[in-house]
There are 2 protein chains.
Amino acid sequence: MKNILFGFISKYISLTEDEKNAILSLDLFRSVKKGTVLLKEGQKSQDELFVLKGCIRKYYIIDGEEKTTAFFTEMEGLVPHCVTNNAPSEYFVSCVEDTILTVTNPDMGAGLNVTFPKFEIMCRMLSEELLAKQQIDFDEFKTSSPEQRYLNLLQNRPDLIQRVPQHQLASFLGIKPQSLSRLRARILEKDKT
Amino acid sequence: MKNILFGFISKYISLTEDEKNAILSLDLFRSVKKGTVLLKEGQKSQDELFVLKGCIRKYYIIDGEEKTTAFFTEMEGLVPHCVTNNAPSEYFVSCVEDTILTVTNPDMGAGLNVTFPKFEIMCRMLSEELLAKQQIDFDEFKTSSPEQRYLNLLQNRPDLIQRVPQHQLASFLGIKPQSLSRLRARILEKDKT
DNA sequence: ACAACTCGTTCACTTAAGTTAAGAAATGCC
DNA sequence: GGCATTTCTTAACTTAAGTGAACGAGTTGT
């Protein structure tokens with residue numbers, strides 16, 4: 001696990017052994033079972049999540065229905081909105097698979113940032129990268145139909161389609177499970193021809 | 001104009017007179033006419049835009065059709081993707097109205113950041129704020145129907161509906177102009193009852 | 001002033017997504 | 001193993017969005 005984390009960090013900054021040990025001493029790693037709920041609506045958590053192995057999802061419950069809006073897999077991190085604005089969470093986060101992740105909170109983070117200014121730099125790089133990606137994703141979503149979105153997903157994240165239940169994928173694509181099922185049948189039909 | 005800019009900045013950091021003068025000496029302000037194209041697809045610009053007065057929009061041309069994905073009005077800024085990743089732009093940016101904005105680029109920015117580290121701090125705050133907002137907006141978009149999206153817009157940005165042409169609003173809502181027209185008629189019909 | 005465009009709306013028709021319900025397949029739990 | 005639950009698919013029907021075309025109002029340009 002250490003190696004995965006440090007491998008990821010090394011893409012942004014380089015760490016000395018001392019720094020690595022400082023990080024490890026924080027006891028960040030958590031191993032959680034499929035289905036575990038990491039964050040509930042209404043909860044005021046300060047925890048930032050970073051997935052080392054497995055998959056977590058973010059979802060709302062609207063009119064009693066789960067609406068999944070994002071998945072996070074290996075090397076992807078989620079800073080819940082409630083951490084940023086210090087308000088109760090609007091959404092849930094749970095594990096799609098057995099997952100290993102790091103859990104950090106600003107207190108620990110501030111400590112690290114003070115000790116190692118590099119961290120501040122990495123966080124900014126990460127958040128800029130994320131913002132850019134997010135904007136492109138949003139644009140793509142707006143400019144395509146459900147079917148195109150599914151085909152794009154098939155191209156860009158084929159793993160998600162395999163590892164995530166259909167009904168969760170459906171709301172991620174902005175449609176109902178039945179529509180996804182039908183849409184897939186439609187595509188298969190076309191492929192045959 | 002100065003006042004608008006400094007008023008905005010003061011929400012994040014406080015500036016001395018010297019710092020204000022340093023900023024003004026950069027000659028950031030631009031006054032552009034409605035319809036002016038500020039960024040073209042394929043272009044490699046380094047300019048970051050911040051709207052002081054007026055409205056600009058970001059749009060793609062896909063299969064010969066304009067797809068508007070974002071509007072930026074007073075006190076909103078756009079750092080085009082091509083600035084971040086130093087590649088040709090995927091989209092266009094043009095003025096919906098006569099607009100006054102600041103145009104900055106990383107060279108100037110770096111100069112400022114070096115001279116006044118505060119700026120770095122403000123930029124990070126801005127980008128974090130934006131990222132959070134963007135995520136919520138994306139979630140809202142995914143979890144609602146075109147009609148709900150229109151009603152939300154009516155709630156949250158009634159000005160946009162007034163100042164922006166319908167066909168641009170339509171793709172912003174992820175639908176065709178005719179559908180927006182129909183959807184609006186439908187809502188009016190309901191209101192009567 | 002007139003022609004050429006743009007823009008918004010409407011209509012008829014097509015296509016796809018929402019809804020409700022039912023049943024098959026897979027999964028989880030004694 | 002067997003029962004219950006969840007997940008996925010299918011189907012029939014409803015509703016809304018896409019498409020192509022037409023029209024009038026407003027704008028632009030000459």
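As a basis for the values below, the full set of heavy atoms in this structure was taken, side chains included, without hydrogen atoms, waters or symmetry mates. In what follows, chains are A, B, ... by sequence order, proteins preceding strands, each numbered from 1.
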How long is the straight-line distance from CD of A:Gln134 back to CD of B:Gln135, given to the nearest 0.5 Å? 4.5 Å
CD on A:Glu140 to CG on A:Asn156, rounded to 0.5 Å: 6.0 Å
Under 4.0 angstrom between B:Ser179 side-chain N/O and D:dG18 OP1 or OP2: yes
With respect to B:Glu66, which candidate in B:Arg57, B:Lys176, B:Lys58 satisfies the salt bridge (charged side-chain N to carboxylate O under 4.0 Å, His left out) definition? B:Arg57
Provide, to the nearest angstrom, the distance between the [atom1] atom belonging to [X] and the [atom2] atom belonging to [N].
X: B:Gln178; N: D:dA17; atom1: CD; atom2: P; result: 12 Å
X: B:Arg184; N: C:dG8; atom1: CZ; atom2: P; result: 9 Å
X: A:Ile187; N: C:dA16; atom1: CD1; atom2: P; result: 11 Å
X: B:Glu189; N: C:dT9; atom1: CD; atom2: C1'; result: 15 Å
X: B:Leu180; N: D:dA17; atom1: CG; atom2: C1'; result: 12 Å
X: A:Ile175; N: D:dA17; atom1: CD1; atom2: P; result: 15 Å
X: B:Leu183; N: D:dG18; atom1: CG; atom2: P; result: 10 Å
X: B:Lys176; N: C:dT9; atom1: NZ; atom2: C1'; result: 17 Å

According to the interplanar angle, ranging from 0 to 90°, do the rings of A:Phe92 and A:Tyr59 count as parallel (below 30°), tilted (30 to 60°) or perpendicular (above 60°)? parallel
Where the side chain of B:Ser181 is defined as all heavy atoms beyond and including C-beta, which of D:dC8, C:dG8, C:dA21 is the nearest nucleotide? C:dG8
Would A:Lys11 pass as a cation-pi partner of A:Phe8, given that its NZ or CZ must be under 6.0 Å from the six-membered ring centre and within 45 degrees of the axis? no
What does the inter-axis angle of the helix from C:dA1-D:dT30 to C:dC30-D:dG1 come out as, five pairs per end, nearest 10 degrees? 60°
Mapping B:Arg182 and B:Lys34 to their closest nucleotides on DNA chain D, which lands nearer the 5' end? B:Arg182
Compute whether any side-chain donor of one residue and acceptor of the other, for A:Asp139 and B:Tyr60, lie under 3.5 angstrom apart. yes
I'd like to check A:Thr102 versus A:Phe29 (side-chain heavy atoms, cut-off strictly below 4.5 Å). Are they in contact? yes
With a non-hydrogen cut-off below 4.0 angstrom, is A:Pro146 in contact with a base, only sugar-phosphate, or nothing? sugar-phosphate
Do other residues, nucleotides or ligands put more than 12 heavy atoms under 6.0 Å from A:Lys118 NZ? yes
Please give me the minimum heavy-atom distance between A:Cys55 and A:Val51, naming the atom from each residue. N-CG1, 4.4 Å
For DNA chain C, the residues among residues 159-168 of chain B that have a non-hydrogen atom under 4.0 Å from it: B:Pro165, B:Gln166, B:His167
